[in-house]
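Below you'll find the structure, written out as structure tokens, and then a few comments.
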Amino acid sequence: MEIQQRWWLRPNFVDEQDNFVLGNSVLEGEKLYQNIFSHHQPASYLVSALVQNTLKTNNILMLIKYHRFFVFGWSMGWWLLMILCFGGWIFGPMIILETVKIIYLGNLFLAESLVLLPIIFVGLWLIDNKNNNYGSAFLLGIITAFCGLTLAPLWPVLILVIVTFWWRWKDKRIVAMIIGALFLIGLIASKVDILGYFENAIYINKNYYLSIASKIPLSKTLIFSFLTPFLYIINQNKMMEILIIKIMVGIFLIAELIYGKKNWKGALQIYLILALLNLRNFELERTHYGGFHLMIWIGWLILISFWLIRKINTKHLRLLILFPAIVLLMIINKQIREKNDLIDDFEIYYSRIFNMSQAIKVSATENDRLLSMPDEVLGYWKTGVKVAGKYLFFYKWMETVPGMRQEQINSFSSLPEYLILKSSEGLPVEQYLTKYQRFSYRGEKMEFYIEKNKWKKMEEKVKEKVVYYGFEAIDD
């Protein structure tokens, strides 16, 4: 908890802020995928809406704090459930995973953070061969639906889980599981534009985003996913957190081999789940922004390693746990001793967008619009100004989708009152920028623009408020 308290402002990440903005749009009565584009699954937006509706604030810092502390409480709730269902041995992997997941942004309000423990719970329930009644089957249906509607890359492993349960039960419990899944799907569907969902989160993902995001063919991706434990050991990152994961990989491989001699089907099932949890992260030495997709793979690796150690009951293998425990103590000591200042964190990560948002808020009128590229989305939440067009963010890959490029150019040509333009992502928009007044921020040229006619007509007392937040009109 102390580590969480010290890290709650770090870092600034667009995927998290996308959840805030679209969660807020739900509270304003909009349906997801109807007016604003998103290729992500809907559940994380709706959870953010619940957080924002419960813990109301108009302050960026409190917004971030509430969501990140929700993630902490959410995790503790799942850990408690797993301890009740599987036993006290869960404490060991809990301490390790909660410590190392920070380097994979596991403390942020991300889809990966929300499904990390639910998908592990389902996997443990499957391999532990728990006794199932209709109530537990119904609950498993809700959890699997939640995971699938939060993070699409989990679909392959969820299909494996569902098929395995169906094969194992072959009775009405599978019906109870389906009813549980449909119950949650129905609740979420009431907040979603269904046609928009299939176009944005299914069709565009399948036909455009995946071909850009995946740099290697599907066949090689599958091979790589099965080799991930072996490749992880030889990655060059020297962080202590990576060292502890490498040790856990070694323990897992030894334990999996021993367990496989007794139960090869169970060992194969465990390894299949592990492989299917890494179908998208190929640069294993990367962490933070570049490696957060690996978080769920690492979580399953750690939990299942402890499970295997219990099952094979080998004294010498249990002693190996001392090695990650020693490194873990070093990491915790380092994190607790590390000095950080919340004021400095705010200045580094949020002061610029906070002050831009304030400058917009004090000068905007009801019908004004904001266009931000490529991904400075937090301003939409803070200002309440509507999106110019339909894209909160606009990346290079989106130009390949028919119509998207022209739609974004049209948004520029409509001359929205405010621009936050860190990059035009190759769009030919220079002709429109001549119609905007550019600003410096604390003496440095900034990516902040106000439409010239609006700026000229603005009352002097309003201009003074813009200047108060550190902005000054400059000749570009």
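Applying the 6.0 Å contact sphere to CZ of Phe198 captures no more than 12 heavy atoms from other residues, nucleotides or ligands. Within a 6.0 Å radius of NZ in Lys191, other residues, nucleotides and ligands contribute 12 heavy atoms or fewer. Counting heavy-atom neighbours within 6.0 Å of Glu28 CD, excluding the residue itself, gives a total above 12.
Ring geometry, Phe37 versus Trp397: the interplanar angle falls from 30° to 60°, so the pair is classed tilted. Tyr33 and Tyr45 have perpendicular rings, their planes meeting at more than 60° on a 0 to 90° scale where under 30° would count as parallel. The aromatic rings of Phe109 and Phe20 are tilted relative to each other, their planes meeting at an angle between 30° and 60°. Below 30°, between 30° and 60°, or above 60°: for Trp125 and Phe86 the angle between ring planes is above 60°, a perpendicular geometry. Note on ring orientation: taking the six-membered ring where Trp is involved, the planes of Phe183 and Phe138 are tilted (angle from 30° to 60°). Ring-plane geometry between Phe146 and Trp74 is classed as tilted, the angle between the planes lying from 30 to 60 degrees on a 0 to 90 degree scale.
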Open item on the list: side chain to side chain donor-acceptor pair (under 3.5 Å), that's the test. Do Ser48 and Asn19 meet it? Break it down for me.
Closed with: CA-CA 6 Å; Ser48 176; Asn19 288 329; over 6 Å; no

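One distance of note links CG of Leu97 with CD1 of Ile120; it measures 6.0 Å at 0.5 Å rounding. Here the CG-CD distance, from Leu195 to Gln34, works out to 10.0 Å after rounding to the nearest 0.5 Å. Expressed to the nearest 0.5 Å, how far CD of Glu376 lies from OG of Ser357 amounts to 8.0 Å.
In this structure, the side chain of Arg173 engages the main chain of Asn132 through a donor-acceptor pair within 3.5 Å. A donor-acceptor pair under 3.5 Å links the side-chain atoms of Thr54 to the main chain of Leu50, judged by distance alone. Under a 3.5 Å cut-off, the side chain of Asn235 and the backbone N or O of Tyr232 do form a donor-acceptor pair.
A salt bridge is absent between Glu112 and Lys101: the closest approach of a Lys/Arg side-chain nitrogen to an acidic carboxylate oxygen does not fall below 4.0 angstrom.
In this structure, Lys261 fails the cation-pi test against Trp264, since its NZ or CZ atom is not both closer than 6.0 Å to the six-membered ring centre and inside 45 degrees of the ring normal.
Between the side chains of Gln41 and Trp155, no donor N or O sits under 3.5 Å from an acceptor N or O.
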